[in-house]
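Side chains included, hydrogens not; waters and symmetry mates left out as well; all remaining heavy atoms used. Just so we're clear, the structure is a prediction, and the values are computed from it rather than from any experiment. Along the sequence shown, residues are numbered consecutively beginning with 1.
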Amino acid sequence: MSEQDTDRAPMSPEEQKVYQARQKHRAIILAGLLFFMVILFYFITIVKISGGS
């Protein structure tokens with residue numbers, strides 16, 4: 001099993017809020033990119049199936 005870092009102090013409530021805000025922002029960006037990729041692949045597939053060059 002891994003040991004916890006004893007060098008670091010636990011995060012203060014303010015630091016924890018900032019950390020969680022960054023995580024949320026990163027998750028929203030990644031979800032947007034994933035959604036864009038899904039739509040892009042969908043349209044590429046439709047164009048290929050419909051016989052478009």
Show which side-chain atoms of residues 10-23 pair as donor or acceptor with protein atoms under 3.5 Å away, not counting sequence neighbours.
{"residue": "S12", "atom": "OG", "partner": "E15", "partner atom": "N", "Å": "3.2"}
{"residue": "E15", "atom": "OE1", "partner": "S12", "partner atom": "N", "Å": "3.0"}

Exercise. State which residues pass side-chain contact (heavy atoms from CB on, under 4.5 Å) with I29; sequence neighbours excluded, sorted by chain then number.
Key: H25, L33
Quiz prompt | Test side chain to side chain contact (heavy atoms under 4.5 Å, CB included) applied to Y42 and T45, I46, L40, I44, the passing residue | solution = I46
